[in-house]
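Only this structure's heavy atoms are used, side chains among them; waters, hydrogens and symmetry mates stay out. Everything quoted here is computed from the prediction, not taken from an experiment.
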Amino acid sequence: MIQNYIALSLETHLFFSRIMKEHSLFLEAGFPCKDNGWINQADYFRQQFEELLSEVVKISSGRVNCAILNSSELVTEFTICAEKQTEVLGGVPINTDITRMEHNLQCNTRTENDRKILNLVHQINNRAIQLLNGLICFKESILQEVFEGRLFTFNYPLLIQHIIREAKLYRETIINLMSNNHVSYKMLWGTEEFWNQIMMEHALFIRGLLDPSEEELVKTANEFAMDYKKLLEMAKVQNDKVSRELTGKSLTETLKYRDFKSAGAKGILNCDIASIIIPLLADHVLREANHYIRILQCAQVGRGQNESL
């Protein structure tokens, strides 16, 4: 149980603390230059989550499962290049050494129950919750100011709502890990509806950030949005058969979507696609698709094992 708690905690931070630091960067880049106060707040959270990620990476080697390291949800083949391009274009420093360290992590080589590591992980969990409380409040204040016409940002209001929900899922996951004495990967399976909505919104954002001249890509992004909308409608039917079918359909759709996002990331990094998509955002949404694919694959295996009992 202790090893499971340590592994699940570290895996959650390895994925989500990177996501949070990038959310902060996207917010920072989206404010007009006159709004120094908002820019500085976003930069504070970017730095804090970068520090958290660095601390987690340093203790994760040998303590996490192979599936997460093989999923390309932590880093992809594009991540370092996307970080470098984004740093040059946006002027915000990004520590690519963390990405290299994350890429070189090893899985499942430590079997000891280390009380020191357990205490450190518990401290990291508490720190993450405190940071997330602040970041969620910051994001919600941005959204309120935008809706009341007192603040402008180049980020869609729906995107701000989107990243608030992701931050809340991160916080909820850590709270559940800290309060549940019987932690398991099954805790992560009940998020299909959440991630189908996230995938749908990614498609809507991509559609809106592509240059209008990219007609085929705009059309494809819109088709993905409609496909995920249908999956969300399907999820409203509550029975075991539909639930199993939904997992299979979601996995098939997300595998196709992952390929679309991968091609898009490559095209944006090579300047072959006309858009206003930040290079790191292209890699960011690809990693989230990879994360969801792993969840769906774990859910399929888990249900198969339960049915065979």
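Taking the six-membered ring where tryptophan is involved, the planes of His162 and His202 are tilted, since the angle between them lies from 30° to 60°. Ring pair His291/Phe16 is perpendicular by interplanar angle, where above 60° counts as perpendicular and below 30° as parallel.
Taking hydrophobic clusters as Ile, Leu, Val, Met, Phe, Trp and Tyr residues chained together by side-chain heavy-atom distances below 4.5 Å, Ile80 does not share a cluster with Ile278. In the hydrophobic clustering of ILVMFWY residues, with side-chain heavy atoms under 4.5 Å counting as a link, Phe49 and Val75 come out apart. Both Ile276 and Leu159 sit in one connected hydrophobic cluster of ILVMFWY residues. Membership requires side-chain heavy atoms under 4.5 Å apart, directly or through other members. By the rule that hydrophobic residues join a cluster once side-chain heavy atoms approach within less than 4.5 Å of another member, Leu209 and Phe78 end up as members of separate clusters. Side-chain heavy atoms closer than 4.5 Å link hydrophobic residues (I, L, V, M, F, W, Y) into clusters, and following such links, even through other members, never connects Ile163 to Phe152.
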Item to check | side-chain contact (heavy atoms from CB on, under 4.5 Å) evaluation trace for Leu118 with Tyr5 | outcome: CA-CA 8 Å; Leu118 177 63; Tyr5 171 74; 3.5 Å; yes
Item to check | From CA spacing to verdict: side-chain contact (heavy atoms from CB on, under 4.5 Å), Ile94, Thr99 | outcome: CA-CA 10 Å; Ile94 300 175; Thr99 307; 5.8 Å; no
Item to check | Trace of the salt bridge (Lys or Arg N to Asp or Glu O under 4.0 Å) decision for Lys168 with Glu140 | outcome: CA-CA 11 Å; Lys168 288 182 175 179; Glu140 289 176 337; 3.3 Å; yes
Checklist entry - Between Ser9 and Val121, does a side-chain contact (heavy atoms from CB on, under 4.5 Å) hold up when you go through it step by step? => result CA-CA 7 Å; Ser9 296; Val121 167; 3.5 Å; yes
Next on the checklist: Please evaluate residues Trp195 and Glu166 with respect to the criterion side-chain contact (heavy atoms from CB on, under 4.5 Å), reporting the C-alpha separation (whole Å), side-chain torsions for both, the decisive distance (0.1 Å), and the verdict.
Outcome noted: CA-CA 9 Å; Trp195 284 109; Glu166 288 187 357; 4.3 Å; yes
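Across all non-hydrogen atoms, the minimal contact from Gly264 to Ile273 is O-CD1, 3.7 Å. In terms of heavy atoms, Ile142 sits closest to Trp38 at CG1-CZ3, 3.5 Å. Among all heavy-atom pairs drawn from Leu246 and Ala235, the shortest one is CD2-CB, 3.7 Å. Closest approach of Leu105 and Leu69 over heavy atoms only: O-CD1, 3.5 Å. Nearest heavy-atom pair across Asn290 and Ser72 is ND2-O, 2.8 Å. Taking both residues in full, the closest heavy atoms of Ala221 and Ala203 are given as O-CB, 3.3 Å, listed atom of the first, atom of the second, then distance.
With hydrogens and angles ignored, the 3.5 Å screen pairs a side-chain donor or acceptor of Lys261 with a backbone N or O of Val285. Remark: the backbone N or O of Ile68 is not paired with any side-chain donor or acceptor of Glu11 at under 3.5 angstrom. Using modelled atom types, no side-chain atom of Ser61 and backbone atom of Val57 make a donor-acceptor pair closer than 3.5 Å. Of the possible polar contacts, one joining the Asn270 side chain to the Lys266 backbone as a donor-acceptor pair under 3.5 Å is found. Here the side chain of Asn65 pairs no donor or acceptor atom with the backbone of Ala67 at under 3.5 angstrom. For the pair Asn70 (side chain) and Cys66 (backbone), a donor-acceptor distance under 3.5 Å is present. Side-chain atoms of Asp272 do not come within 3.5 Å of backbone N or O of Ile268 as any donor-acceptor pair.
In summary, Glu214 and Arg207 do not engage in a salt bridge, as defined by a charged side-chain N under 4.0 Å from a carboxylate O. At a threshold of 4.0 Å, the pair Lys21-Glu28 does not count as salt-bridged, since none of the basic side-chain nitrogens sits closer than that to a carboxylate oxygen. Under a 4.0 Å N-O distance rule, the pair Arg46/Asp43 qualifies as a salt bridge. Using a 4.0 Å cut-off between a side-chain N of Lys or Arg and a carboxylate O of Asp or Glu, Glu51 and Arg127 qualify as a salt bridge. Under a 4.0 Å N-O distance rule, the pair Lys236/Glu233 qualifies as a salt bridge. Salt-bridge formation is not detected for the pair Arg287/Glu73: no Lys NZ or Arg NE/NH1/NH2 atom is positioned less than 4.0 Å from an Asp or Glu carboxylate oxygen. One finds a salt bridge joining Glu253 and Lys256 here, because a Lys/Arg side-chain nitrogen approaches an Asp/Glu carboxylate oxygen to under 4.0 Å.
Under 3.5 Å, the side chains of Tyr292 and Asn196 contain a donor-acceptor pair of N or O atoms. If you check the side chains of Thr254 and Arg258, you find no donor sitting under 3.5 Å from an acceptor. Side-chain contact annotation: Thr76 with Asp283, donor-acceptor N/O pair under 3.5 Å present. Remark: the Ser250 side chain and the Thr247 side chain contain no N/O donor-acceptor pair separated by less than 3.5 Å. Arg18 and Thr79 are not linked by any side-chain donor-acceptor pair at a separation below 3.5 angstrom, with hydrogens and angles left out of the test. Glu201 and Gln197 form a side-chain donor-acceptor contact under 3.5 Å, judged by distance and modelled atom types alone.
Residues Phe138 and Tyr44 are not in side-chain contact: their nearest non-hydrogen atoms beyond the backbone lie 4.5 Å or more apart. Residues Leu143 and Pro157 are in side-chain contact: their nearest non-hydrogen atoms beyond the backbone lie under 4.5 Å apart. Annotation: side chain of Asn126 is in contact with side chain of Met178 (closest heavy-atom distance under 4.5 Å). Counting heavy atoms from C-beta outward, Val92 and Glu87 have side chains that stay 4.5 Å or more apart. Ile160 places a side-chain heavy atom less than 4.5 Å from the side chain of Thr153. Taking the side chain as every heavy atom from C-beta outward, Leu135 and Ser24 approach each other to under 4.5 Å. His23 is listed as a side-chain neighbour of Lys139, based on a closest heavy-atom distance under 4.5 Å. The shortest distance between side-chain heavy atoms of Ile59 and Glu55 does not fall below 4.5 Å.
In the displayed structure, Glu215 atom CD is contacted under 6.0 Å by at most 12 heavy atoms of other residues, nucleotides or ligands. Phe260 CZ: more than 12 foreign heavy atoms inside a 6.0 Å radius.
Rounding to the nearest 0.5 angstrom, the gap separating the CG atom in Leu74 from the NE2 atom in His13 is 13.0 Å. Remark: Gln48 CD to Ser17 OG distance equals 12.0 Å, nearest 0.5 Å. For the atom pair OG (Ser60) and CD (Gln106), the distance works out to 12.5 Å, reported to the nearest 0.5 Å. For the atom pair CG (Leu232) and CZ (Phe194), the distance works out to 11.5 Å, reported to the nearest 0.5 Å. Considering OG1 of Thr252 and CG of Leu231, their distance stands at 9.5 Å, rounded to 0.5 Å. Rounding to the nearest 0.5 Å gives a distance of 9.0 Å between CE of Met101 and CG of Leu53.
For an aromatic pair to be called close, the ring centres must be under 6.0 Å apart, and Phe154 with Tyr156 fails this.
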